[in-house]
Amino acid sequence: PQRTFVPDSLTSTLTSYYDAVPYDSHPFPQSAVEHLEALPLLFDLDAPPPQKARVRELGCAAGGNLIPFAARHPQARAVGVDLSRVQVAQGAAALDHAGLSNIELKAFNIADIDASFGLFDYIVCHGVYSWVPGSVQDAILRVCAENLAPNGVVYVSYNVYPGWKAREIVRDAMILRGGPRDTPEEKLSYARGMLEFLEQSARPDSVLRKTLEETMPIVRNSGNYYLLHEFLEPCNEPCYFKEFVARAEARGLAYLCDAEPSTMFVQNYGEKVRDPLLRECGGSQVMMEQYLDFLVNRTFRQTLLVKQGNAANIRYRLEVPRLRALEFAGVFRVDGGEALTIDAREQPCTALRELKVTLRLPAHKAVAQALDASYPCSMSTEALLAAVVTLTGEPRAAVEPIVLAMLEELLILGALRIRRTPVPAASAVSELPQVLAPVRRALAGVPASQATAVLCNQWHEPVSLSVLERSLLPLLDGAHTHEALAAFLLDEVRAERLRFLKDDQPLTDPSALHAFAQEQVAQALQSLRRKALLTA
């Protein structure tokens, strides 16, 4: 249902910002429905399986975060709403190109959604809550409560204090000079000029100098769309985490966890922090995390909410039976580039998120080796245990407690990805490699020579493609052999749409060209597999 809507002046202003400079619409891995399904299990709740889930996104922009979910799960149903008709029109064009029928994008005001819209298993609201007026914030929480299925999960991201206290100084300065200008380009140009002036003039020992040192790298490294919406929009209303939870509770929702659960565990912050906070917070997870927000000067949160009736069943202590029910994935690079050795020699590694871990026991190294070899595929606990037994030659009874303890420790640290079901990425390059049809169609008819493409992989991550990968990807339909792909590349070279260079010189010898094409196909397919674009 869609009711007529007469926008107020502030809503019209906000809409014009997004129409003039559309927000970059792409997948946010932390909001992936498969991720939102797995997190509740950590804390003893069950969430609906994504395969046939009903998913609503509030503030869907052009569908960049919702369309990939619909592509992965053709039996699921997805509905996105956004105020910006320009962005919804862009999303509709992308949907036509992808050929998906299980998703709908609507230009609609969140405040006009009511119970008649039905229940959804997952409600995602990324990058909206802090950037709308208080009345719309309340409407978001009302919709999340009224339209959430009994065991459903809500994801909401928002700016938080105390970290945004300092950034507000920068925002206020940018608005002072850039706000009165007419066009988005002028606003940004004048706002940047203001910051350059302040940076040159601020006293070395001032609060302003410290604030600029923290914020200017963000300003310099961010796109215009981000700066306009984050620093120059009329609305940016951060709040304290505790306040957000209280507002959610008033609507019948309860805090479950953060989308990045490693931020929740006090042991990650050292003994000097852990013991006093455990005594101070009296078992309140919300108070614990509010204290930690002050400690790390947190600026942004991604909160999962559930129905209030499920709150009594939440358990914040990780337990082995729940770990056994998860799929795990991870990467481990030994510092210095050497290989992992299944022995008792210490080997420092870099894991996901550039986290540093030191592996000491053979079983630890076997876990790391098995996960890294499998990546981007996930592994069940049983498969991991079997791999460790094979690699170490030790009996299962000896390695099982070590492996389970390691998985818990890596999970708390944030060095593992989790799912409830296996990630359908290819574990090896097949003779007839395949990519999801909607992903292939997204590039169909687009010249490979254009800018590097960004697509969504099986982990709901945006990944970039090289020109060569972009050329091959539309043909990865499960019907083309490696030799057929090499022949296609040779045709592209002959048509001068691609060039093969070796030592910075164009290849022209026919036999050298054919061998080079075969090499390039093999390398591109391995790269696409590691990027989690090839499907099982």
Side-chain angles (χ1 to χ4, degrees), residues 7-8 10-11 13-15 17-18 23-26 28 30-33 35-36 39 55-61 64-66 79-84 87 108-113 117 120 122-148 152-165 167-168 171 225-226 228-260 263 286 289-290 293 298-307:
D8 59 34
L10 181 53
T11 301
T13 302
L14 289 173
T15 306
Y17 270 75
Y18 285 95
Y23 205 85
D24 193 8
S25 187
H26 58 77
F28 299 97
Q30 62 276 27
S31 74
V33 173
H35 182 58
L36 303 184
L39 290 177
V55 179
R56 175 176 287 282
E57 183 165 21
L58 307 176
C60 64
N65 192 43
L66 195 59
V79 180
V81 296
D82 198 281
L83 266 179
S84 170
Q87 293 190 107
F108 204 80
N109 188 341
I110 292 169
D112 276 5
I113 298 172
F117 279 68
F120 290 84
Y122 295 91
I123 299 176
V124 173
C125 187
H126 181 79
V128 181
Y129 186 85
S130 291
W131 301 268
V132 292
S135 59
V136 183
Q137 291 181 348
D138 190 56
I140 288 170
L141 293 177
R142 174 186 59 76
V143 169
C144 288
E146 287 181 359
N147 297 85
L148 187 66
V153 177
V154 169
Y155 165 100
V156 184
S157 68
Y158 50 101
N159 286 338
V160 290
Y161 296 132
W164 252 93
K165 292 281 187 184
R167 288 192 188 178
E168 281 179 338
R171 170 175 152 82
Y225 73 91
Y226 173 82
L228 183 77
H229 299 306
E230 188 81 324
F231 288 94
L232 286 168
E233 262 188 26
C235 288
N236 188 338
E237 298 186 22
C239 61
Y240 282 106
F241 169 59
K242 192 168 176 289
E243 293 173 349
F244 176 83
V245 172
R247 293 174 194 170
E249 287 175 346
R251 282 292 182 181
L253 297 165
Y255 174 68
L256 173 63
C257 64
D258 194 88
E260 296 182 4
T263 63
V286 170
E289 293 189 51
Q290 181 61 80
D293 280 6
R298 192 157 176 170
T299 60
F300 183 69
R301 270 192 170 270
Q302 301 162 109
T303 292
L304 271 62
L305 302 169
V306 294
K307 290 278 195 181

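Since the model is a prediction, treat every value here as computed from it, not as a measurement.
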Atom pair [atom1] ([X]) and [atom2] ([Y]), whose distance is rounded to the nearest 0.5 Å:
X	Y	atom1	atom2	answer
Ile110	Leu83	CD1	CG	6.5 Å
Glu249	Tyr255	CD	OH	12.0 Å
Cys60	Asn65	SG	CG	9.5 Å
Asp293	Tyr161	CG	OH	13.5 Å
Phe300	Glu260	CZ	CD	9.0 Å
Leu253	Ile123	CG	CD1	8.5 Å

Please determine whether side-chain contact (heavy atoms from CB on, under 4.5 Å) holds for the pair Val55 and Leu66, giving the CA-CA distance in whole Å, both sets of side-chain angles, and the decisive distance to 0.1 Å. CA-CA 9 Å; Val55 179; Leu66 195 59; 3.9 Å; yes
Listed partners of Ala259 passing side chain to side chain contact (heavy atoms under 4.5 Å, CB included), at least two apart: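 In terms of side chain to side chain contact (heavy atoms under 4.5 Å, CB included), with neighbours along the sequence ignored, Ala259 is linked to Gln30, Tyr155, Gln302, Leu304.
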With sequence neighbours left out, write down each residue that passes side chain to side chain contact (heavy atoms under 4.5 Å, CB included) with Glu243, or none if nothing qualifies.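 Per chain and number, Glu243 pairs via side chain to side chain contact (heavy atoms under 4.5 Å, CB included) with Cys239, Tyr240, Arg247.
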Check: Phe244 and Arg301 side chains under 4.5 Å, non-hydrogen atoms: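 Of all side-chain heavy-atom pairs linking Phe244 with Arg301, none is under 4.5 Å.
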Is a side-chain N or O of [X] found less than 3.5 angstrom from the main chain of [Y], in a donor-acceptor match?
X	Y	value
Ser25	Gly64	yes
Asn159	Pro238	no
Thr299	Trp164	no

Might you confirm whether atom NZ of Lys307 has over 12 heavy atoms from other residues, nucleotides or ligands at distances under 6.0 Å?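 Yes, the 6.0 Å shell around NZ holds more than 12 heavy atoms from other groups.
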Might you point out which heavy atoms bring Pro133 and Cys235 nearest each other, and give the distance in Å?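 The pair with the smallest heavy-atom distance is N-SG, 3.7 Å.
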How are the rings of His126 and Phe28 set to each other: parallel, tilted or perpendicular (split at 30° and 60°)?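 Tilted.
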Taking only residues two or more places apart in sequence or in another chain, which ones pass side chain to side chain donor-acceptor pair (under 3.5 Å) with Gln290?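 For Gln290, no residue satisfies side chain to side chain donor-acceptor pair (under 3.5 Å) once neighbours in sequence are set aside.
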Could you tell me which residues satisfy side chain to side chain donor-acceptor pair (under 3.5 Å) with Arg56, sequence neighbours excluded, listed by chain and number?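 Not a single residue meets the side chain to side chain donor-acceptor pair (under 3.5 Å) criterion with Arg56.
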Salt bridge (charged side-chain N to carboxylate O under 4.0 Å, His left out) with Glu57: which residues, sequence neighbours excluded?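 In terms of salt bridge (charged side-chain N to carboxylate O under 4.0 Å, His left out), with neighbours along the sequence ignored, Glu57 is linked to no residue.
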For residues 136-145, tabulate all N or O donor-acceptor pairs below 3.5 Å that involve a side-chain atom, not counting sequence neighbours.
{"from": "Gln137", "atom 1": "NE2", "to": "Tyr129", "atom 2": "O", "distance (Å)": "2.9"}
{"from": "Asp138", "atom 1": "OD2", "to": "Arg251", "atom 2": "NH2", "distance (Å)": "2.7"}
{"from": "Arg142", "atom 1": "NH1", "to": "Ile113", "atom 2": "O", "distance (Å)": "2.9"}
{"from": "Arg142", "atom 1": "NH1", "to": "Glu146", "atom 2": "OE1", "distance (Å)": "3.1"}
{"from": "Arg142", "atom 1": "NH2", "to": "Ala111", "atom 2": "O", "distance (Å)": "3.1"}
{"from": "Arg142", "atom 1": "NH2", "to": "Ile113", "atom 2": "O", "distance (Å)": "3.0"}

Give me the one residue out of Leu58, Leu148, Thr303 that meets side-chain contact (heavy atoms from CB on, under 4.5 Å) with Val154.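 Going through the options one by one, the only one that passes is Leu148.
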Start with the C-alpha distance between Val79 and Phe120, add both sets of side-chain angles, then the distance that settles side-chain contact (heavy atoms from CB on, under 4.5 Å), and finish with yes or no. CA-CA 10 Å; Val79 180; Phe120 290 84; 4.2 Å; yes
Check step by step if side-chain contact (heavy atoms from CB on, under 4.5 Å) holds for Phe231 and Asn236. CA-CA 8 Å; Phe231 288 94; Asn236 188 338; over 6 Å; no
